[in-house]
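One structure is given below, encoded as C-alpha cells.
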Number of protein chains: 2
Amino acid sequence: MSTRNTIQRKLILDTVRSMCGHPDAEQIYSRIAENHPHISKATVYRNLNLLSEMGEIKKVCVGEGADRYDLRTDEHYHMRCRKCGRIFDAPDAAARVALSGATDGFEVESVNVELIGLCPDCKI
Amino acid sequence: MSTRNTIQRKLILDTVRSMCGHPDAEQIYSRIAENHPHISKATVYRNLNLLSEMGEIKKVCVGEGADRYDLRTDEHYHMRCRKCGRIFDAPDAAARVALSGATDGFEVESVNVELIGLCPDCKI
DNA sequence: TCTCTATTGATAACGATTATCAATTATATT
DNA sequence: AATATAATTGATAATCGTTATCAATAGAGA
C-alpha cells in the first residue's frame with residue numbers, strides 16, 4: 001500500500017472543507033489547533049500537498065504571500081484584491097480563456113488565471 | 001524630487017534589458033556582479049521593484065520559485081514548464097482572455113495568465 | 001500478534017525577499 | 001563651487017513560507 005488513512009489527514013481534509021474562502025496553511029493549522037493543539041504544522045503542510053496531489057483539494061498559487069487552498073477542484077479562475085489580499089472565485093461568466101494550438105510546441109496541461117484589482121469593499 | 005538617477009539603477013535596468021528569457025533577481029545580480037562585484041544584492045532587489053513600479057520592466061510572479069523579470073511591459077501571457085521551470089512568452093494567438101462585466105463588483109485592473117505544462121524540450 | 005513502512009511531531013534548515021541603519025551620493029539651492 | 005538634504009547604497013540581520021531531517025509512532029496486511 002502507498003498511502004494510509006491517518007486521523008490527521010482526515011482532520012485536515014475535513015477542516016479545509018469546513019472553511020469558506022481560500023485559507024492558507026497557517027489559517028488551516030490554527031483552526032485545527034483550536035481543538036487539536038498537538039498537531040504539527042509540518043503535518044499540515046505535508047498533507048495539504050498530498051491532498052492536492054490526490055485531487056481532493058486544489059492548491060492556489062497567488063502572486064503574493066502564502067499559497068491558498070480551495071475545496072473546489074474544477075477549473076475556475078480567481079480574483080485577488082491588491083489592497084486587502086483576499087481572493088474570490090471569479091464568476092463563470094467573468095473570464096474565459098480561449099486556447100489555440102499555436103503554442104510553439106508547448107503542451108499545456110493546466111491554466112492559472114488571476115484577475116488582480118479591487119474588491120467591492122476596497123473600492124470605496 | 002523623488003527618485004534619483006543612480007548608476008546602480010541604470011546598470012540594473014540595462015542588464016535586465018540585455019538578458020534574454022525571464023531572469024530572476026539572483027541571475028540578474030550574478031550577471032552584474034561579474035563586472036561590478038561591489039553591488040549589493042539588496043540594491044538589485046530594491047531597484048527591480050522600483051523599476052517595475054515605474055513601468056520600465058515587469059515583475060512576473062510564477063507559481064513556483066523566485067519572481068522573474070521581463071523587459072516586455074505590454075500585456076502578454078506566459079507558459080511555464082513544470083519540469084525544467086523555464087518560462088516562455090505565449091504566442092499572441094495561443095491564449096486569449098475574454099473578460100465580461102460580470103465580476104460581482106470586483107474591479108479588474110490587470111490579468112495574470114500562466115499556462116503550465118511541458119516545453120518542447122521536456123516533452124521528449 | 002507481529003512486522004513493515006508510511007506517517008507523525010519537533011525542530012532545524014532553506015530560499016526568497018524585506019527591514020534596518022549608518023555611510024554615501026545625487027541634486028537643488030545658495 | 002560649496003552646502004544642505006534627502007534619496008540611495010552596502011552590509012547584514014530578520015522575516016516569511018515552506019521543506020528537510022530524523023527518531024518515535026502507528027496504520028494495515030500477513
Side-chain angles (χ1 to χ4, degrees), chain A residues 1-16 22-54 56-70 80 82 85-87 114, chain B residues 1-16 22-54 56-70 80 82 84-87:
Chain A
M1 204 193 55
S2 146
T3 57
R4 286 176 183 173
N5 276 335
T6 62
I7 55 171
Q8 288 91 338
R9 186 165 306 155
K10 175 122 184 49
L11 183 59
I12 291 164
L13 179 55
D14 289 347
T15 303
V16 175
H22 300 79
D24 61 25
E26 186 68 36
Q27 294 169 324
I28 294 163
Y29 167 76
S30 299
R31 170 66 59 91
I32 293 172
E34 288 170 12
N35 299 311
H36 301 81
H38 296 306
I39 200 166
S40 167
K41 202 174 279 190
T43 300
V44 173
Y45 274 98
R46 263 188 310 242
N47 280 294
L48 288 172
N49 278 333
L50 262 172
L51 291 165
S52 304
E53 282 162 28
M54 293 160 77
E56 297 288 331
I57 59 176
K58 207 169 177 182
K59 184 192 274 212
V60 182
C61 301
V62 293
E64 211 176 82
D67 293 339
R68 323 290 184 96
Y69 293 89
D70 199 332
R80 171 167 58 89
R82 66 164 162 79
R86 281 185 295 173
I87 75 173
E114 197 180 1
Chain B
M1 200 197 48
S2 147
T3 57
R4 288 174 181 175
N5 276 335
T6 62
I7 54 171
Q8 289 90 340
R9 187 165 305 156
K10 173 121 185 52
L11 183 59
I12 290 163
L13 179 54
D14 289 347
T15 303
V16 174
H22 300 80
D24 61 26
E26 185 69 36
Q27 293 168 325
I28 295 163
Y29 166 77
S30 299
R31 170 66 60 91
I32 294 172
E34 290 172 11
N35 299 312
H36 301 82
H38 297 306
I39 199 166
S40 167
K41 204 174 278 189
T43 299
V44 174
Y45 273 98
R46 263 189 309 244
N47 280 295
L48 289 172
N49 278 333
L50 262 173
L51 291 165
S52 304
E53 281 161 28
M54 296 160 76
E56 297 288 332
I57 58 175
K58 207 170 178 184
K59 185 193 272 213
V60 182
C61 301
V62 293
E64 210 176 83
D67 294 339
R68 323 292 184 95
Y69 293 89
D70 200 332
R80 172 167 58 89
R82 65 162 163 80
C84 68
R86 282 185 295 173
I87 75 171

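Proteins come first, then strands; the chains are lettered A, B, ... in the order of their sequence lines, and each starts at number 1. Since we're looking at a predicted model, the values are computed, not measured.
Listed nucleotides D/dA20, D/dT9, C/dA19 differ in distance to A/A42; the shortest reach to its side chain belongs to D/dA20. Which of C/dT20, D/dT19, C/dT17 sits closest to the side chain of A/N49 comes down to D/dT19. Here D/dA11 is the nucleotide among C/dT18, C/dG9, D/dA11 with the atom lying nearest to any side-chain atom of B/R46. Closest to the side chain of B/T43, out of C/dG9, C/dA19, D/dT9, is D/dT9.
If you take CD1 of A/I32 and P of C/dG9, they are 10 Å apart, rounded to a whole angstrom. If you measure from atom CG of A/N5 to atom P of C/dT8, you get 11 Å, rounded to the nearest angstrom. Residue B/M54 contributes atom CE, which lies 15 Å from atom P of D/dA7 at whole-angstrom precision. If you take OH of A/Y29 and P of D/dC16, they are 16 Å apart, rounded to a whole angstrom. For the pair A/K41 NZ and C/dG9 P, the interatomic distance rounds to 14 Å; values are reported in whole Å. Atom CD in B/E53 sits roughly 10 Å away from atom P in C/dT18 (whole-Å rounding). One atom, CG of A/L11, and another, P of D/dA26, lie 16 Å apart when rounded to the nearest Å. In this structure, the CG atom of B/L50 is 12 Å from the C1' atom of D/dT9, given to the nearest Å.
Here the closest non-hydrogen pair linking A/A25 and A/V44 is O-CG1, 4.0 Å. The shortest non-hydrogen separation linking B/G85 to B/R80 is O-CG, 4.2 Å. Minimum interatomic distance between A/Y29 and A/S40 (heavy atoms only, all atoms of both residues): CE1-C, 4.2 Å.
Residues B/T6 and A/V44 both approach DNA chain C. Their nearest nucleotides, taken by heavy-atom distance, put A/V44 toward the 5′ side. Both B/I7 and B/A25 lie close to DNA chain C; mapped to their nearest nucleotides by heavy-atom distance, the more 5′-ward contact belongs to B/A25.
With B/H22 contributing its side chain and B/I87 its backbone, the two residues share a donor-acceptor pair below 3.5 Å. Side-chain atoms of B/R9 come within 3.5 Å of backbone atoms of B/R4 as a donor-acceptor pair (strictly under, hydrogens ignored).
If you check distances only, the side chain of A/R9 never reaches the base of D/dG27 with a donor-acceptor pair under 3.5 Å. With hydrogens and angles ignored, a donor-acceptor pair under 3.5 angstrom links the side chain of A/R4 to the base of C/dT5.
No engagement by B/D24 is indicated, since no non-hydrogen atom pair under 4.0 Å with the nucleic acid exists. Using a 4.0 Å heavy-atom criterion, one finds that A/A66 contacts the sugar-phosphate atoms exclusively. Residue contacts for A/E26: at a heavy-atom cut-off of 4.0 Å it reaches no nucleic acid atom on any strand shown.
For the residue pair A/K59 and A/N49, a side-chain donor N or O sits within less than 3.5 Å of a side-chain acceptor on the partner.
For A/Q8 and C/dG9, the shortest distance from a side-chain N or O to OP1 or OP2 is below 4.0 Å. Contact annotation: B/Y45 does not reach the phosphate of C/dT18 (side-chain N/O to OP1 or OP2, under 4.0 Å).
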